[in-house]
Peer 1: 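Take a look at this one; I'll ask things after.
Hydrogens, waters and symmetry mates are skipped; everything else that's a heavy atom, side chains included, is used.
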Amino acid sequence: QVQLVESGGGLVQPGGSLRLSCAASGFTFSRYAMRWYRQAPGKERELVAAIGSIGISTNYADSVKGRFTITRDNAKNTVYLQMNSLKPSDTAVYYCNAFRTTPKSEYWGQGTQVAVSS
């Protein structure tokens with residue numbers, strides 16, 4: 001059974017930090033690129049960060065560049081999102097996504113809430 005389980009969300013003040021984790025099971029984690037998406041109330045889901053299957057290549061949305069860092073540990077089947085200098089505009093539900101192009105395959109986690117407020 002495929003599972004992606006996010007954790008680490010919560011309420012933080014502006015300027016604070018959080019580290020999200022996504023633990024994967026039920027598939028060959030090291031063969032999948034991993035992504036973090038977020039969805040704020042009333043807005044479409046947007047891609048925040050992505051990392052290649054072996055952890056070398058990364059990409060970030062312009063809105064989080066220099067503040068967020070995506071990493072992965074293939075030995076632990078886990079991907080992380082370190083979020084620093086958080087802003088109220090970062091408030092959203094954050095989703096973990098596993099993606100593979102050949103053959104095409106995609107999995108989603110259930111999401112974890114991040115709220116940035118004073």
Side-chain angles (χ1 to χ4, degrees):
Q1 179 183 1
V2 171
Q3 281 193 311
L4 291 173
V5 180
E6 299 100 333
S7 61
L11 174 64
V12 64
Q13 292 187 341
S17 297
L18 284 174
R19 188 175 84 151
L20 305 183
S21 299
C22 173
S25 60
F27 65 100
T28 307
F29 180 76
S30 61
R31 294 182 181 176
Y32 284 72
M34 298 299 296
R35 302 168 176 174
W36 286 97
Y37 284 79
R38 68 185 180 187
Q39 187 166 20
K43 295 188 176 181
E44 293 188 355
R45 191 172 296 190
E46 65 170 342
L47 178 63
V48 175
I51 188 166
S53 60
I54 59 174
I56 293 178
S57 62
T58 58
N59 286 290
Y60 297 93
D62 287 344
S63 58
V64 307
K65 278 181 182 176
R67 299 188 299 121
F68 290 12
T69 303
I70 186 171
T71 57
R72 65 188 295 161
D73 185 339
N74 284 353
K76 295 182 178 180
N77 288 355
T78 302
V79 62
Y80 305 96
L81 186 68
Q82 178 67 43
M83 306 186 294
N84 299 328
S85 303
L86 283 161
K87 305 175 181 180
S89 56
D90 295 317
T91 295
V93 178
Y94 283 71
Y95 296 91
C96 177
N97 169 271
F99 180 78
R100 181 177 178 180
T101 55
T102 308
K104 188 173 181 180
S105 180
E106 187 172 27
Y107 306 114
W108 289 91
Q110 83 289 349
T112 185
Q113 177 72 54
V114 171
V116 184
S117 175
S118 55

Peer 1: Can you list every disulfide bond (SG atoms under 2.5 Å apart) pair that touches residues 1-92, not counting sequence neighbours?
Peer 2: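 Matches after skipping sequence neighbours: Cys22-Cys96.
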Peer 1: With sequence neighbours left out, which residue pairs that include part of residues 90-100 fulfil the salt bridge (charged side-chain N to carboxylate O under 4.0 Å, His left out) condition?
Peer 2: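 Matches after skipping sequence neighbours: Arg38-Asp90, Arg67-Asp90.
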Peer 1: Does Phe68 sit in a hydrophobic cluster with other residues, and if so which ones, taking ILVMFWY side chains as linked at heavy-atom separations under 4.5 Å, directly or through other members?
Peer 2: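 Members besides Phe68, by chain and number: Val2, Leu4, Val12, Leu18, Leu20, Phe27, Phe29, Tyr32, Met34, Trp36, Val48, Ile51, Tyr60, Val64, Ile70, Val79, Leu81, Met83, Leu86, Tyr94, Tyr107, Val114, Val116.
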Peer 1: With side-chain hydrogen bond (donor to acceptor under 3.5 Å, both in side chains) as the rule and sequence neighbours excluded, what pairs involving residues 2-17 come up?
Peer 2: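 Non-adjacent pairs meeting side-chain hydrogen bond (donor to acceptor under 3.5 Å, both in side chains): Glu6-Gln110, Ser17-Asn84.
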Peer 1: Could you list the residues that satisfy side-chain hydrogen bond (donor to acceptor under 3.5 Å, both in side chains) with Tyr95, not counting sequence neighbours?
Peer 2: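 Once residues adjacent in sequence are excluded, Tyr95 has no partner under the side-chain hydrogen bond (donor to acceptor under 3.5 Å, both in side chains) criterion.
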Peer 1: With side chain to side chain contact (heavy atoms under 4.5 Å, CB included) as the test, would you mind laying out the steps for Ser25 and Asn77 before giving the verdict?
Peer 2: CA-CA 7 Å; Ser25 60; Asn77 288 355; 5.8 Å; no
Peer 1: For the CZ atom of Arg72 and the OG atom of Ser21, what is their distance to the nearest 0.5 Å?
Peer 2: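 Arg72 CZ to Ser21 OG: 13.5 Å, rounded to 0.5 Å.
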Peer 1: Among pairs that include at least one residue of residues 7-25, which meet salt bridge (charged side-chain N to carboxylate O under 4.0 Å, His left out), considering only residues two or more places apart or in two chains?
Peer 2: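 Matches after skipping sequence neighbours: none remain.
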Peer 1: State whether the side chain of Asn97 and the backbone N or O of Ala50 hold a donor-acceptor pair below 3.5 Å, judged by distance alone.
Peer 2: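 Absent.
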Peer 1: Given a cutoff of under 4.5 Å between side-chain heavy atoms of I, L, V, M, F, W and Y, with clusters grown through shared members, what are the other residues clustered with Ile54?
Peer 2: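 Hydrophobic cluster check, Ile54: joined to Ile56.
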Peer 1: Answer yes or no: is there a side-chain heavy-atom contact under 4.5 Å between Thr71 and Gln82?
Peer 2: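 No, every pair of side-chain atoms sits at 4.5 Å or beyond.
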Peer 1: Enumerate the disulfide bond (SG atoms under 2.5 Å apart) contacts for residues 60-93, please, sequence neighbours excluded, ordered by first and then second residue.
Peer 2: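 Listed by first then second residue: nothing to list.
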Peer 1: What residues, two or more places apart in sequence or in another chain, satisfy side-chain hydrogen bond (donor to acceptor under 3.5 Å, both in side chains) together with Gln113?
Peer 2: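 For Gln113 there are no side-chain hydrogen bond (donor to acceptor under 3.5 Å, both in side chains) partners, ignoring immediate neighbours.
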Peer 1: If every non-hydrogen atom of Ser53 is compared with every non-hydrogen atom of Ser30, which pair is closest and at what distance?
Peer 2: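 For Ser53 versus Ser30, the nearest heavy atoms are CB-O, 3.3 Å.
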Peer 1: Output all residues satisfying side chain to side chain contact (heavy atoms under 4.5 Å, CB included) with Ala40, sequence neighbours left out; order by chain, then residue number.
Peer 2: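 Counting only residues at least two positions away or on another chain, Ala40 forms a side chain to side chain contact (heavy atoms under 4.5 Å, CB included) with Lys43, Ala92.
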